[in-house]
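Have a look at the structure below before the remarks.
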Amino acid sequence: MLNYRKDGSAFWNMLSITPLTSESGELTHFVSVQRDINTRMALHEQLRFQALHDPVTGLPNRLAMNNHLADILAGGPRSEVTAAVGMIDLDDFRVVNNTFGHEAGDLLLKEWAARIQAQLRDEDFLGRMGGDEFVLILSGISRGAPEAGLTRVLERLSSAVEVPFSIDGRRVTIGMSMGLALFPEDGFDTASLLKSADEALYEVKTRKHGRRRWWELAAEIPPASAGAGAAGAASAVAADGEGPAGTVEEEARWARERRRDALYGGGLSICLQPVVDLRDGSVHLFEALARLTLPNGTVLQPAGFVKELSTFDLDYVFSTVLEQSLAQLAEWDRQGLNYSVSVNLPPTILLDPASPALISSALTRHGIAPHRLGLELLESQTLEWDIQREALSQLVRLGVGLAMDDLGAGYSSLKRLSSLPFNAIKLDRDLLADIRTKPPETLSLIATLIQMGRDFGMNVVIEGIEDEGMAEAVAVLGAPLGQGFHFSRPLAPQNAAAWVDQFCLPAPNGSLRTCLGALAYHWQFARLGSPHPRALAECPLSRFLATYGTGADVGRWHNQQHDPRAAHAGAGRLLVDWLVRQIRTTAEPAGPRLELLA
């Protein structure tokens, strides 16, 4: 209850009253205990405000907009007045971000919001949807002459931004565009009204340099444009080869802004792909892969959004993925499960001297031992050797595992591998891309890199294993760990442990089931001119060839590989050639290949 002190000041308190009775059961007293909960109520109010407001501008957010618009629509259409829903986009705001940085952009948004709010009436609503996109809801607009009523309000808003903004001592002028939809003419519910307003916004932005005013009513959109929106305009450009000036550029900019809005609006999540021990089929490690969910439900893999991110954005992605990954480990711990996780580490993180301490703090906060976290360093052509080496050394002292990611694809990989304190390497999935068209060459490359990992005392993970043949071939060559679609696509975190329970590694006990596996087995001896070491009857290649069905020549070539008296190099090469032909002519395609890493 809200209570008052003797001096008249108010405070919130929690009150409990307990009755006391005598031994005979007679009520004798009441005991009242009061607790001051001002701090708790203040925190509650702060959380309530944060749930409904944008942290940058202080404006209501999407949830608050939905609630406000629902209240208006609940009253139904009225004969005298209507409500207008506007979608506002700031013109060339991304130029401000790129020129002055995101911090300066946030200051501009805050000042812009304050100016616009100062010009609105008490019944009007302004909310931020994300980025430079806002929603304006105007109530009490005359149904008889809506355009006139809107003009009076919107002219004040236009004049509010005519005065330049000051950023870092420099004057910046910024414009805005808005599409407006009327209730119920342009929609009966929130979704249809916002859709109509967005279409009107798109139309007014395509005519940014020749328009008569900065806003447009949905009802005034030409029929050919109605419903087109961003996707429709993009289709028209693709079909005709040209479009209104700036259409393609504007659409690309909007798409980038919406992706960034989703990034900072809770759309970033992780999925987990298991890393399989190729020796016994056990799974103790998962790689955390970033996913970005857009407001329309589209889920983007990193290839669809990472390349356009700034250094600040990449740092945010890393910290978010790290937090979610460690939280998942903590959840598994509560279930009595003991797994590890690896997270991709942008090299720019290492340029911050505080990064090792931040990672250590995250581990402590979630109660995770450092050795259960692996960091995979992504390739970059921009290297700061001294700073990066020191940061990596601190992480090693902390006990975190470090892996060189995508070995064979990046810039100066071998130099970095030999000079920085890695304890694992991951071979790039592209190294397996030609294994069906150039099997011996690919096997040679993979075997060399696996041996290099052994020589360096590092664990080796083969990425991009997409079918049984690939899995069998790299296991025969001695790769300890493998990862790819053949074992599992990336999993939702809540499904990962159940997947491990039902997973069983195919083809145990060194048997051969595929031509790729058979070639890898024979090739490792043929390249050295060495006979097969086992007795013919115990050779896994004998069992494979008997099952596969071959001619007498193939059987003779194989038999000669078990002759200890002489090296039959010619027969060994003929057997290699025969297996290569089988791989090229009878094997199924490797399957889909997707970019997974952030």
| Looking only at atom types and distance, does a side-chain atom of D186 sit under 3.5 Å from a main-chain N or O of L182, one as donor and one as acceptor? | yes
| message | Would the distance check show the side chain of Q324 and the main-chain N or O of L268 forming a donor-acceptor pair, the cut-off being under 3.5 Å? | response | yes
| Aromatic contact, W332 with F286 (centres under 6.0 Å) | yes
| S139 and E123: side chain donor to acceptor below 3.5 Å | no
For [X], side-chain contact (heavy atoms from CB on, under 4.5 Å) partners two or more places apart:
X	value
T173	P164
S325	I270, A288, V321, V341, V343
L63	L52, N61, N67
L107	none

| Worked verdict on S166 versus V172 for side chain to side chain contact (heavy atoms under 4.5 Å, CB included) | CA-CA 6 Å; S166 178; V172 175; over 6 Å; no
| With sequence neighbours excluded, what pairs up with D36 under the salt bridge (charged side-chain N to carboxylate O under 4.0 Å, His left out) test? | R5
| query | Does R334 have any salt bridge (charged side-chain N to carboxylate O under 4.0 Å, His left out) partners at least two apart in sequence or in another chain, and if so, which? | reply | E331
Considering all heavy atoms, the nearest [X]-[Y] contact:
X	Y	value
L193	A181	O-CB, 3.5 Å
M87	L201	O-CD1, 3.7 Å
L126	I116	CD2-CG2, 3.6 Å

| said: Taking atom CG as the centre, does D122 end up with more than 12 heavy-atom neighbours from other residues, nucleotides or ligands that are less than 6.0 angstrom away? | reply: no
| task | For F188, look at atom CZ and say whether over 12 heavy atoms of other residues, nucleotides or ligands are found less than 6.0 Å away. | result | no
Taking NZ, NE, NH1 and NH2 as the nitrogens, is one of them in [X] or [Y] under 4.0 Å from a carboxylate oxygen of the other?
X	Y	value
E287	K426	yes
E308	R259	yes
D124	R121	yes
R213	E147	yes
D91	K205	yes

| said: Quick check for you: to the nearest 0.5 Å, what is the distance between W499 atom CH2 and S488 atom OG? | reply: 5.0 Å
With a 4.5 Å limit on heavy-atom distance, are the side chains of [X] and [Y] in contact?
X	Y	result
L154	W214	yes
I17	L15	yes
F93	L108	yes

| message | Ring of F485, cation from R429 - is the NZ or CZ under 6.0 Å from the centre and inside 45° of the axis? | response | no
